[in-house]
Amino acid sequence: MSRFILFKLIIYLILKINTVETAFNATAYALQHRCAWSVCNAIGYPTYYLNYTVDCCTLQLPLNYAQPDNRTINISMTRLRSNQTASTNNTIFALTGGPGFSGWNLFYLIPQFFSASFGVTIILPDHRGTGLSTLLSCDDKGSQDVSINCINYLISKFGVDGLNQFSVTSAAHDLSVQIQSYQADYPGRFVAFGISYGTFWLNRFLTIYPNVVQTAIMDGIVNPISSSDSRDDALGSSVAEQFLSFCQLQTACIQNFPPGQSPNVMLRNILTSIDSNTQQCIKKYLSRFNITSEKLRDIFFTQLASTDAYLDRTIIPAVIYRLYRCNSDDRQALNLYFRTVTTAAQTADDPNGPGFLLSKALNFNVIQSETYLAKGETEIDNTTILNLYHSTIMASATPLRYYNLRSQWPKYPIDQYRYQIANYTPICMLSGQLDPSTIFDQASQVAAFTTNTRKFYAIPLASHVTVSMASLGYMCSLQLISAWAFPKLFPSEWATADCIESYPTTFDFAAETNAVKQISMKFFNTTVIFGLNISNDDNSISDAYHVNIYYSNLILCSIFTLFYSSISK
């Protein structure tokens with residue numbers, strides 16, 4: 001009898017050890033809900049990729065974890081399983097950004113980081129509300145046209161209380177069940193890897209479930225305390241100012257700009273002249289691209305924040321200068337530039353339907369409820385938002401996108417986990433010095449709170465999600481996270497930070513290297529990135545040209561005045 005009681009006590013402790021104070025028992029639920037893996041219902045995606053076999057599992061999990069026996073929803077995850085046999089199962093759960101992106105956004109990326117030869121299994125969970133999980137959409141066809149009609153549809157489908165369950169905390173419970181369900185069938189080493197919003201989701205998971213995974217990784221860190229979607233534009237633009245200031249450190253860049261006209265100042269003047277319809281280069285020669293100050297800000301911000309086109313941003317100072325000078329060579333280059341970035345921004349209809357890769361409805365639900373305001377921040381009106389926006393030099397488009405529905409959105413209540421920072425699980429953290437999406441200073445603040453359990457790496461000049469630089473041959477971030485995640489699989493020297501010295505510490509804005517020459521060819525069809533400083537032709541309309549014409553005419557008038565004065569005498 002005593003052995004039986006002891007056995008029951010051990011089982012009870014096992015069920016409790018993986019959770020902190022929460023009424024829902026994820027471990028018990030996971031053991032009762034196991035995965036049946038099958039072919040993914042995703043059109044256009046392979047069943048075999050880079051020596052990984054691809055399959056999917058959809059679990060029926062509670063819509064409301066406070067009432068787990070009531071309504072359930074689909075929560076899906078995709079598995080990429082190596083054909084290599086290994087003595088130990090090594091599994092990494094990769095949490096994507098957003099909020100609103102599905103795990104499918106990482107499908108072609110993560111397998112490139114972890115070769116199938118290492119025998120690591122990759123799991124890509126779909127956050128509730130997107131991907132193959134139960135979708136948050138604006139009509140029965142999956143529309144993501146977020147409006148007051150969308151709000152009404154969501155309430156009619158789920159009710160306010162049901163819509164409130166599409167939260168970060170509910171997604172953390174989902175993840176716990178997914179991981180523990182998989183652990184039951186494939187025990188081994190488990191790692192959680194979050195990027196961008198995925199770090200916010202991961203922090204919530206680790207706060208509630210500190211012992212489910214052995215370790216964790218965050219890249220592109222969202223600060224749970226100070227991140228603020230209502231003030232993001234101003235913070236991101238401060239990074240843009242810092243980025244452009246590097247031009248002044250490179251003689252080959254700054255020598256193209258007139259005294260007192262740094263790229264920062266010149267860009268501000270261009271944005272102002274666009275608003276007043278006096279930016280002649282755009283007005284006269286680039287009108288077919290419908291370039292507003294908002295659109296130009298968004299184009300530059302997208303290039304600055306790009307996770308997969310790190311070098312594209314080096315073109316920005318040259319674009320600024322060419323808009324200013326606007327000679328015939330510049331006009332030809334700028335037409336190609338805007339045609340290229342405009343084409344890149346166009347997306348084809350997803351055969352899997354709207355919301356498969358990004359649910360804007362989920363994005364709004366999480367941001368309006370949790371991340372729109374930082375801790376202690378108060379609401380701001382539309383005038384303040386627009387003033388902040390117009391003070392920027394680079395920013396995402398539609399600054400009022402969240403404000404316009406702010407009062408109507410049925411925001412879910414903030415729970416006790418909202419401003420907590422996970423402080424138990426070991427975490428490797430990486431942040432780019434020039435990340436305009438998740439600000440470096442805020443990321444380093446998170447690391448400072450929990451130095452005993454975290455290791456923080458600052459990656460010089462890197463933008464959003466530093467591991468993406470591996471595609472350019474900068475392998476340090478990837479080596480650091482690989483050695484942290486699976487130290488028995490990867491070389492021990494990968495765990496040292498010495499490799500950070502291999503990253504560049506300045507920008508090649510003048511296309512002096514072959515890599516940036518290729519960027520210049522891509523956008524301008526020339527390796528002379530600042531173009532030919534040819535004499536201004538009749539159609540050239542730069543400010544400097546107008547000043548020269550003014551003074552030339554003034555000199556001619558003086559000469560003729562003197563000439564006729566001498567004749568009259």
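For reference, positions follow the sequence shown, starting with 1.
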Ion pair check, Arg297 and Asp233, cut-off under 4.0 Å: no
Residue set satisfying salt bridge (charged side-chain N to carboxylate O under 4.0 Å, His left out) with Arg128, at least two apart, ordered chain then number -> Asp174
Within residues 89-115 or reaching into it, pairs that qualify as salt bridge (charged side-chain N to carboxylate O under 4.0 Å, His left out) - sequence neighbours excluded: none
Phe490: ring-ring contact (aromatic ring centres under 6.0 Å, His included) partners, not counting sequence neighbours: Phe118, Trp494
Between Asn74 and Thr58, is there a donor-acceptor pair closer than 3.5 Å when you use the side chain of the first and the backbone of the second? no
Carefully, step by step, assess Tyr402 and Phe364 under the rule ring pair (Phe, Tyr, Trp, His ring centres under 6.0 Å). CA-CA 7 Å; Tyr402 297 116; Phe364 269 70; 4.8 Å; yes
Pairwise distance CG(Leu61) to OG1(Thr72) - rounded to 0.5 angstrom: 8.0 Å
Quick check: do Asp140 and Tyr153 have side-chain heavy atoms less than 4.5 Å from each other? yes
Will you find, in the side chains of Tyr48 and Asn83, an N or O donor that is under 3.5 Å from an N or O acceptor? yes
Indicate whether the side chain of Ser477 and that of Tyr503 have a donor and an acceptor atom separated by less than 3.5 Å. yes
Which residues pass the salt bridge (charged side-chain N to carboxylate O under 4.0 Å, His left out) test with Lys517, not counting sequence neighbours? none
With distance as the sole test, does Arg418 use its side chain to make a donor-acceptor pair with the main-chain N or O of Pro224 at under 3.5 Å? yes
List in chain and number order the residues that pass side-chain contact (heavy atoms from CB on, under 4.5 Å) with Leu400, two or more places apart in sequence or in another chain; answer none if no residue qualifies. Asn382, Ile385, Leu386, Tyr403, Asn404
For Asn70, is the CG atom crowded, meaning more than 12 foreign heavy atoms sit under 6.0 Å from it? yes
Which pairs pass salt bridge (charged side-chain N to carboxylate O under 4.0 Å, His left out) with one or both residues in residues 62-73, sequence neighbours excluded? none
Among Gln180, Gln183, Gln32, the one residue meeting side-chain hydrogen bond (donor to acceptor under 3.5 Å, both in side chains) with Thr27: Gln180
Identify, with sequence neighbours excluded, every residue that meets ring-ring contact (aromatic ring centres under 6.0 Å, His included) alongside Phe523. Tyr337
What residues form a side chain to side chain donor-acceptor pair (under 3.5 Å) with Arg81, not counting sequence neighbours? none
Counting only N and O atoms by type, is there a donor-acceptor contact under 3.5 Å from the side chain of Trp409 to the main-chain atoms of Ile148? no
Residues two or more places apart in sequence or in another chain: which of them pass side-chain contact (heavy atoms from CB on, under 4.5 Å) with Leu336? Arg339, Thr340, Asn525
Quick one: pull up OH in Tyr372 and CG in Asp229 and give me the separation to the nearest 0.5 Å. 9.0 Å
Taking salt bridge (charged side-chain N to carboxylate O under 4.0 Å, His left out) as the cut-off, I'd like each qualifying pair that reaches into residues 462-480, sequence neighbours left out, listed once. none
Those residues that, when tested against Trp201, pass ring-ring contact (aromatic ring centres under 6.0 Å, His included) (two or more places apart): His127
May I ask you to decide if Val516's main-chain N or O and Thr314's side chain share a donor-acceptor pair within less than 3.5 Å? no
Are Ser117 and Ser115 linked by a side-chain donor-acceptor pair shorter than 3.5 Å? yes
Pair listing, salt bridge (charged side-chain N to carboxylate O under 4.0 Å, His left out) test, anchored in residues 198-224, at least two apart: Arg204-Glu370
Going by distance alone, is a donor N or O of one side chain under 3.5 Å from an acceptor N or O of the other, for Asp415 and Thr169? yes
